[in-house]
> 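Mind looking over this structure? Questions follow.
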Amino acid sequence: MTDHNAGGSKSPDKPDYKKTLNLPKTSFPMKANLVQNEPASIKRWNKVDVYSKIRELCTTENRPKWTFHDGPPYANGSIHLGHLMNKCLKDFVVRSRTLMGYDCPFVPGWDCHGLPIEHKVMTGLVESGKSAKLETLPDDARRTAIRRECKKYAEKFQKLQAGQMERLLTQADYKNPYLTMAPAYEGATLEVLARLVEQGVVFRALKPVHWSIDNETALAEAELEYQDREDLSVFVDFEARDAASVYTAFGLTDDQPTQTPSFIIWTTTPWTLPANLAIAVHPRFEYALVRMDGNITVLATELVETVAKLGNAEEVEVLATTRGEALVGLGYKHPFIEAAPKPTDNPDADTSACYKVLPADYVTLEDGTGLVHTAPGHGADDYQTGLREGLPVYCPVLKDGKYDETVPEAIRGMSIWEANDIIAGWLRDSGHLFHSNRFMHSYPHDWRSKTPVIFRCTEQWFVGVDMPVASTGTALREMALDAIERNTSEGGLRFVPDWGRNRLRGMLDSRPDWCISRQRAWGLPIPAFILPDDSSMMTTASVLAVARYFRENGSDAWFQNEPAELLTHYDPKNDPDAPEAVRTGAVALTDLRKGQDILDVWFESGSSWNAVIRERFGDDAVPVELYLEGSDQHRGWFQLSLLPGLGVLGEPPFKTLLTHGFMVGKDGKKLSKSAGHTIESLFEHHGADVLRWWVCSLSYENDVKVDEEFFKIAGEGYRKVRNTLRFMLSNLNDFEPSCGDKKGHCVEESDFSPTCLDAWVLAEFDALADRVLAAYESFQFKKAHAELYNFCNDTLSSVYLAAVKDRLYCDRADSFRRRRTQTALWKLTNGLCRLLSPILCHTADEAYRSLHKVDPKDTETCIHLQTAIRSFRAAADPAWQAVLTKRDEVMLELEKSKSALGIENVLDAGISIGDDEGVFAKFDLVDLADLFGVSRVELQTGNRIEIQDLRHEPRCERSWKRDGTVKERARGGCLSDRDAEAVDAG
RNA sequence: GGGCCUGUAGCUCAGCUGGCUAGAGCGCACCCCUGAUAAGGGUGAGGUCACAGGUUCGAGUCCUGUCAGGCCCA
């Protein structure tokens, strides 16, 4: 028997057929080497300034605008995994919209002001010993010096992060980013403030803050250090105003005891007792009326035993119990103050709600008595409760920690710390002290002076959310809720995912007025001026004047110049809102003092729609199409952009809010800060394209699990796609496309008959482009990712490319059939690179340039200047669907034939297909054979699939097929007709 | 403690308004190819849909509760 299976024959007269094949060849490497090649791409893109070039293209082609706006990350530290996802998602939006033919500019921004930077800088100054010198400077000079350091710090990290974001291959206007500390930005922020002032929603009120007596300054949470401290802890009896109503509340209607019961509270800050205005109970807890050694008191049932033991009570008898809500409204007498005091600055305060029991859900049963001493001027909870219940904000403590004139005479002017013991003494002497002891607890201290901090009321600036906005008569909260509730079609907001709506609504429902002032150095000064009588002046015109001044000089000017200078652009005579004394000139501008507060940084970032979008793209660019941030920004940037936007524009500054979740560990738990992954190591180990491929695959709306393993998996997927591109490129090595005048190898569109394989695959591409672009359009990047991946794997690698391999390798190089397939390959690669370009922006460009056989020195050819190809307009026969279904069946039959017939190599098989319905007759049987991977196909009656064992037939030494035409050729070799023709073997 | 969200094969996820034997990719197992080769192809095994109740002719899908996790508040 002849050795039909001889591969490369050693016989001298037989040619080495491998050399006669058109085997794939390409310079597009299998190994991506992203670590080196991505930075090279960035360099190339920057050289031609791709970002600006796209803008030019958009202008000349008049592409429709689609405005997207970057929420500013904080300019502190390196970017981390959270930024990685955030920035990639944003870039997918920018690049996919550009691909779709929109003009989608993107200005990256940074939040530069604020406490974290100031705190870091101050810590550095303390450590280097420079802060001592600063303390000796006048306030303005000291703040200027601090601000100089902060600015340097912010600049340093902004640059670092921008570099890392560029390394992530994101496309943005990195040459002109927005920085909240830039003078123009500062001016634009103040312009928003001015409009809110104009709308009448900016006001000044008292609010308790952490206060350092030592430094006479307000402190933020981050500036507190918790240290153990021993305090005097007291249990105080507050006598009921009306005994009978208390007994009634406990259900004791007749036979009431004759004694007056008391409410027992516990506190570790006896110095706040003069400011007590109420007692809080939890409405759902159970409270007991207890006789302890003869006295009758009220306290939480659960704490009776503990409290009795503390006070060494011998006889304890619970007389009755009731729920906290029954106690609400009962009055009591303050142990040492007759009538509720009125704050010095508000002598007309309504005190009718004072000295009563109130409900509050923050009451716990962990310490104390279940009844909470409430002083609205000295506690955050107390303050909120006070606002709700109509209590005055009473704070009798001055900035130096001493009492003012409104407290009982004996302690006026006294330090609160000294007063502790005196007050306890009064209570003991008057029989109101149930128990007292020294108590060790963790207490907040000023991080710098290490002295204990107190809660004290100070005047702050607010944006009122329930005050009517002048232009609409509706309050901001109501406007915001309305925008959330309204349908998208009626100008309402769109949420992706939809539950963002509920979340934002919940937060708006419960939010208090927005406190926009801070007592720090590193921020945008609130341009308020103080009159000699200590009242404040901040009018629309005065704010606009300072805004203009800041645009010209930057906000450092606030600390360097005098009020009259800062108000250069202000004419009080023409400001109807100015205080009368200022308007008439009775108080000159030179008599004013500067306010000391700076703006909440959220006000700055919340004004970015004005400071960035309107400023650069005009009024029509707002509302912006999309804001995209983590779900924490429902409370942050989303809400705090929405409120000023509504106040100034009367409508939200954005149309759609897209949120993503947070990075969590492999176990689904919060990512520890020391988790490792520095962004540099990720770039080095995986490359940006792999990281981007990973981000694209995520269900970003929920928590995202991160682990090294997942990056590796993404790398595998990336390689699949890369190899598919590489294989197509490698079969285009000898192919020159026809473009313009240049006549290349392209086959005319009209030559793609609907039943040819190439028409089928081009039609498949059209369908893919449809789905991918639709997925991009609706921000379903994960879906786009799956579509692209499956197309590469299934449609191309497994089906089409496997099928056309034979003709690409074995057909005569310039045969029509081969050139038509190459034409299809060229189009596919061209189209696929574009669809991939928003995700794999380096690799897509690399492949695109390889497709165009571009010289490495060429910088002009760049896929990111191209738009998507939506269709190749190839008409595929509808019967292809039946063919593909048949293919699946054939695969199963072939698998069975392995064991049944012993056919292991599918080229040893032929297929006979029953075609009673005449579906397959119109197809080329060679196409079908290639598609099924077998040597030949024939049609027969019936509808069964039969596997034929062809192992007894000769095998073509060149194509390895047994197609029935194989025979010994005149010039030697056992070849099929096609192969004989290809090598001209006669 | 409150608001919003999540919990489906070993892993990552699809499963729309409740309705055929719960799908995909990865991984795994077995096989083919060695002319995409640190590649390519085929086949297969994996699930009491977090748990417990309830509504319904019928629930992964609706309701209630429990547990676990995340974000934001307190």
Side-chain angles (χ1 to χ4, degrees), chain A residues 7-8 17-26 28 30-31 82 282 284 360-366 380-381 384 495 497-512 630-636 639 659-671 694 697-699 701-705 707 709-710 712-714 716-717 719-720 722-731 780 782-783 785-786 789-790 793-794 796-799 801-803 805-806 808-810 887-888 890-899 903-909 932-933 958-960:
Chain A
Y17 289 117
K18 186 166 173 175
K19 286 185 182 151
T20 71
L21 296 172
N22 317 301
L23 288 182
K25 190 181 165 195
T26 177
F28 186 87
M30 187 178 273
K31 194 168 169 357
H282 197 295
R284 292 202 302 274
D361 53 14
Y362 53 80
V363 174
T364 70
L365 297 174
E366 272 158 36
D381 286 338
Q384 292 300 340
F495 290 83
D498 202 54
W499 50 255
R501 189 184 305 278
N502 294 341
R503 199 171 151 104
L504 190 59
R505 185 196 297 122
M507 288 175 176
L508 278 161
D509 270 335
S510 62
R511 75 148 301 133
S631 61
D632 56 336
Q633 299 303 335
H634 283 107
R635 177 159 290 270
Q639 191 190 148
T659 48
H660 57 75
F662 277 70
M663 295 285 173
V664 296
K666 198 182 180 180
D667 53 0
K669 291 190 184 166
K670 195 192 288 227
L671 213 50
W694 172 69
S697 75
L698 300 172
S699 325
E701 47 279 302
N702 296 323
D703 295 336
V704 171
K705 291 184 185 172
D707 191 77
E709 182 195 343
F710 300 149
K712 290 203 177 113
I713 291 170
E716 298 289 327
R719 244 162 278 142
K720 276 299 283 209
R722 183 178 180 87
N723 268 322
T724 305
L725 288 170
R726 178 172 180 266
F727 185 64
M728 294 198 289
L729 291 168
S730 68
N731 281 294
Q780 295 175 282
K782 181 188 155 77
K783 175 146 192 299
H785 174 276
Y789 182 72
N790 291 337
N793 267 325
D794 301 347
L796 293 180
S797 196
S798 160
V799 182
L801 297 177
K805 239 169 165 176
D806 172 79
L808 288 167
Y809 293 180
C810 305
R887 181 180 181 274
D888 291 338
V890 167
M891 290 299 170
L892 288 175
E893 288 303 320
L894 284 169
E895 193 66 24
K896 279 185 215 159
S897 74
K898 277 184 187 171
S899 49
I903 298 177
E904 290 189 325
N905 184 339
V906 285
L907 273 182
D908 289 338
F932 300 161
R958 188 164 174 273
S959 68
W960 302 336

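Below, chains carry the letters A, B, ... as their sequence lines are ordered, and counting in each starts from 1.
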> Please state how far atom CG in A/Leu671 lies from atom P in B/rG69, giving the value in whole angstrom units.
16 Å

> Tell which nucleotide pairs with B/rU55, taking only Watson-Crick or G-U wobble pairs whose two distances are both under 3.5 angstrom.
none

> Quick one: list whatever passes ring-ring contact (aromatic ring centres under 6.0 Å, His included) with A/His785, sequence neighbours left out.
A/Trp693

> Under 4.0 Å, heavy atoms only, any strand: does A/Gly661 hit a base, just the sugar-phosphate, or nothing?
nothing

> So, does A/Tyr789 get its side chain near the phosphate of B/rC26, meaning an N or O under 4.0 Å from OP1 or OP2?
yes

> Taking B/rG53 as the reference, what is the distance to B/rG70 when you measure between their P atoms (whole Å, please)?
28 Å

> Provide the distance between the two P atoms, one in B/rA68 and one in B/rG27, to the nearest whole Å.
35 Å

> Can you tell me how far P in B/rU17 sits from the matching atom in B/rU12, rounded to whole Å?
24 Å

> According to side-chain hydrogen bond (donor to acceptor under 3.5 Å, both in side chains), who are the partners of A/Lys720, at least two apart in sequence or on a separate chain?
A/Asn793

> Counting primed atoms plus P, OP1 and OP2 as sugar-phosphate and everything else as base, spell out the protein contacts along nucleotides 30-39 of chain B at 4.0 Å heavy-atom distance: B, S or - for each nucleotide, 5' to 3'.
-BSSSBBS-S

> Could you tell me whether the side chain of A/Arg635 has a donor or acceptor atom within less than 3.5 Å of a complementary atom in the base of B/rC72?
no

> Please measure how far the C1' atom in B/rA22 lies from the corresponding atom in B/rG18, and state the result in whole Å.
14 Å

> Measure CG/A/Leu508 against C1'/B/rC72 and give the value in whole Å, please.
13 Å

> How does protein reach along nucleotides 6-14 of chain B, written 5' to 3' as B (base within reach of a heavy atom under 4.0 Å), S (only sugar-phosphate), or - (no contact)?
S----SSSS

> Which part of the nucleic acid does A/Leu894 contact within heavy-atom distance under 4.0 Å: base, sugar-phosphate only, or nothing?
nothing

> Rounded to whole angstrom, note down the P distance from B/rG23 over to B/rC49.
14 Å

> Check the orientation of A/His634 and A/Trp499. Use parallel for under 30°, tilted for 30 to 60°, and perpendicular for over 60°.
tilted

> Over all strands shown, is A/Lys670 touching base, sugar-phosphate only, or nothing at heavy-atom distances under 4.0 angstrom?
sugar-phosphate

> How far, in whole Å, is B/rG58 from B/rG19 if one measures between their C1' atoms?
7 Å

> Hey, are A/Asp498 and A/Arg501 close enough for a salt bridge, meaning a charged N less than 4.0 Å from a carboxylate O?
yes

> Would you call B/rG46 syn or anti, using the 90° rule around 0?
syn

> Give one of base, sugar-phosphate or nothing for A/Asp667, where a contact means two heavy atoms less than 4.0 Å apart.
nothing

> Any strand is fair game: report the nucleotide pairing with B/rG44 by Watson-Crick or G-U wobble, both distances under 3.5 Å, or none.
B/rC28

> Check whether any side-chain nitrogen or oxygen of A/Asn790 sits under 4.0 Å from OP1 or OP2 of B/rG25, and answer yes or no.
no

> Could you state the atom-to-atom distance from CD of A/Gln384 to C1' of B/rG2 in whole Å?
15 Å

> Can you tell me the pairing partner of B/rA39 across any strand shown, Watson-Crick or G-U wobble, with both distances under 3.5 angstrom?
none

> Could you check which nucleotide pairs with B/rU17 in any of the strands shown, counting Watson-Crick or G-U wobble with both distances under 3.5 Å?
none

> Name all residues meeting the side chain to side chain contact (heavy atoms under 4.5 Å, CB included) criterion together with A/Met891; count only those two or more places apart in sequence or in a different chain, and write none if there are none.
A/Arg887

> Let me know, please, whether A/Gly500 or A/Met663 comes out on the 5' side of the other along RNA chain B by nearest nucleotide.
A/Gly500

> Specify the separation, in whole Å, of atom CE of A/Met891 and atom P of B/rG42.
6 Å

> Answer yes or no: is there a side-chain heavy-atom contact under 4.5 Å between A/Leu508 and A/Gln639?
yes

> Donor-acceptor pairs under 3.5 angstrom involving side-chain atoms of residues 663-671 of chain A: please list them, not counting sequence neighbours.
{"from": "A/Lys666", "atom 1": "NZ", "to": "A/Glu709", "atom 2": "OE1", "distance (Å)": "3.3"}
{"from": "A/Asp667", "atom 1": "OD1", "to": "A/Lys669", "atom 2": "N", "distance (Å)": "3.0"}

> Could you tell me how far B/rG10 sits from B/rA45 if I compare only their P atoms? Round to whole Å.
15 Å

> Rounding to an integer number of angstrom, what distance separates B/rG1 and B/rC63 when you compare their P atoms?
23 Å

> A/Lys896 NZ to B/rG42 C1': how many Å, rounded?
14 Å

